[in-house]
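Heads up: the structure comes next, in structure tokens.
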Amino acid sequence: MRVGILTGGGDAPGLNSVIYALVKMLKNWKPDCEIIGYKSGYKGLYKNDYVKLTLATTSGILNRGGTILYSSNKDNLFDYLVNDEDGNFVKKDVSDVAIKNMKDMGIEILIVLGGDGTLTSARDFSRKGINVIGVPKTIDNDLGFTDSTFGFDTAVNIVAENLGRIHTTAESHHRIFVVEVMGRNAGWIALRAGLAGSADVILIPEIPYELNKVVEKIKQRDRLGKHFSIIVVTEGAKEKGGQAVIGKIVSDSPDPVRFGGIGAKIAHDLELIVKDHEVRSVALGHIQRGGEPSAADRILSLRYAYGALNLIREEKFGSMVCLKNNEISYVSLEEVVEKPKFVDPKGELVNIAKSLGIYFGD
Ligand code: F6P
């Protein structure tokens, strides 16, 4: 049996843990099984660029951050940028080249570790007859049909830990700090880390904010003798009636918008109103994605790898492993990509935060 594995989209802590576990589990199940790791996501499938994954080459990577297979959030083979005869970039469906490469290599099963973009392509390869299994990853935790994605817990821990650090310096200087975190259009990282890290205000895309409500909270804390405040904001958050702040357009990416800058904008706007405080912003950026996975993410990765192994054993292809009510389960890739998962503004965690007096700017 020959199995291909690839990692696509933004990297997330836990990718190597899944690779590590898959290789061990597949080899223990079928010692003759050959495992091919395609490099840099789907690009590796197209270019036939791969490494053989063995017990030796994957030894010791359970706790390693990033992905030994490299990743890319640019290479959608169904809409791939190639040079035409005049040297201009044009989009072309090159998926058949990848399929031929896999067939020539004798790949019977393709395991895809990724988020929404990567899994959409996984679905499209499945529709073309490839035996695909998806494994959900993203620090943003915004994938529908799974309660959690690996990478998310690590990101939350990193943000919560950094909020502790920001607290002591903010308090020492009576400053207001706006801490921008990742998550795109989903506020999961800000919400959980904001709660765990004792933020005073949490601004998320699901709850458009009003700046005067944030000011109200700062003043309330001043009256209590708390002359500093911590505001956590998701990169994709919006002011009521406003737009998200775009940090960068990555033109050769299928999803070209990269958020960034809302923290600095809020800090600037706040300082014009809250005159008796200095307001600073800090964007935690890719620090949230780097480094070792948390123990919880390692365990989730092992559980997902085991779920994927069982789907292979049962030949349930065209599926993604998922977590439902703390049980490992699976769903069709057809369903997964249609439904992103957002924070419920009336959900338990938001209510807990509000009961603690944390403001959401609404
Ligand atoms: O989806 C994961 C994520 O880290 C988002 O939170 C963030 O908006 C995006 O990827 C950043 O992408 P890039 O690494 O291309 O800047």
Side-chain angles (χ1 to χ4, degrees), residues 6-16 18 40-43 65-67 69-76 81 112-122 134-144 146 148-160 162 179-194 202-206 232-238 243-265 281-291 293-294 297 300-301 320 336-337 339-343:
L6 65 83
T7 55
D11 68 321
L15 284 168
N16 282 329
V18 178
S40 305
Y42 288 109
K43 188 194 250 175
T67 161
L69 292 178
Y70 313 112
S71 197
S72 164
N73 54 11
K74 295 185 176 174
D75 300 296
N76 175 359
L81 280 179
V112 171
L113 281 52
D116 50 3
T118 309
L119 292 167
T120 303
S121 288
V135 181
K137 108 19 282 199
T138 164
I139 66 161
D140 303 335
N141 197 36
D142 60 350
L143 267 188
T146 188
S148 198
T149 50
F150 65 83
F152 172 58
D153 180 72
T154 308
V156 168
N157 283 323
I158 292 168
V159 175
N162 279 289
V179 183
E180 179 181 309
V181 302
M182 284 185 166
R184 298 194 299 177
N185 292 308
W188 296 106
I189 296 176
L191 177 59
R192 274 188 102 87
I202 300 174
L203 303 177
I204 58 175
E206 295 86 344
V232 181
V233 58
T234 303
E235 56 185 3
K238 305 172 200 66
Q243 297 291 322
V245 178
I246 294 172
K248 190 177 163 67
I249 296 292
V250 184
S251 54
D252 57 346
S253 176
D255 183 6
V257 173
R258 298 290 182 274
F259 295 113
I262 183 85
K265 179 189 178 323
S281 69
V282 55
L284 295 183
H286 291 80
I287 287 168
Q288 296 160 87
R289 256 167 50 183
S294 65
D297 272 337
L300 183 59
S301 301
M320 180 191 89
V336 171
V337 291
K339 196 171 178 257
K341 182 178 68 197
F342 297 113
V343 171

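Numbering of ligands and ligand atoms starts at 1, following listing order.
The backbone N or O of Gly10 lies less than 3.5 Å from a partner atom in the side chain of Lys137, making a donor-acceptor pair.
Only the side chain of Asn73 comes within 4.0 Å of ligand 1, counting heavy atoms alone; its backbone N, CA, C and O stay farther away. At a heavy-atom cutoff of 4.0 Å, ligand 1 is contacted by the side chain of His286 but not by its backbone.
Numbered from 1 in the order shown, with element, the atoms of ligand 1 that lie under 4.0 Å from a heavy atom of Gly183 read 6 (O).
Annotation: atom 15 (O) of ligand 1 to nearest protein heavy atom, Arg258 NE, 2.7 Å. For atom 6 (O) of ligand 1, the closest non-hydrogen atom on the protein side is Asp140 OD1, 2.6 Å.
The number of heavy-atom neighbours closer than 6.0 Å to NZ of Lys238, taken from other residues, nucleotides and ligands shown, is above 12. At most 12 heavy atoms of other shown residues, nucleotides or ligands fall within 6.0 angstrom of atom OH in Tyr70.
Residues Thr154 and Ser294 come closest through the heavy atom pair OG1-N, 2.9 Å. Scanning all heavy atoms of the two residues, the minimum distance from Met182 to Arg289 falls at SD-CD, 4.2 Å.
Across Glu235, Arg289, Lys137, Arg184, heavy-atom proximity to atom 10 (O) of ligand 1 is greatest for Arg289.
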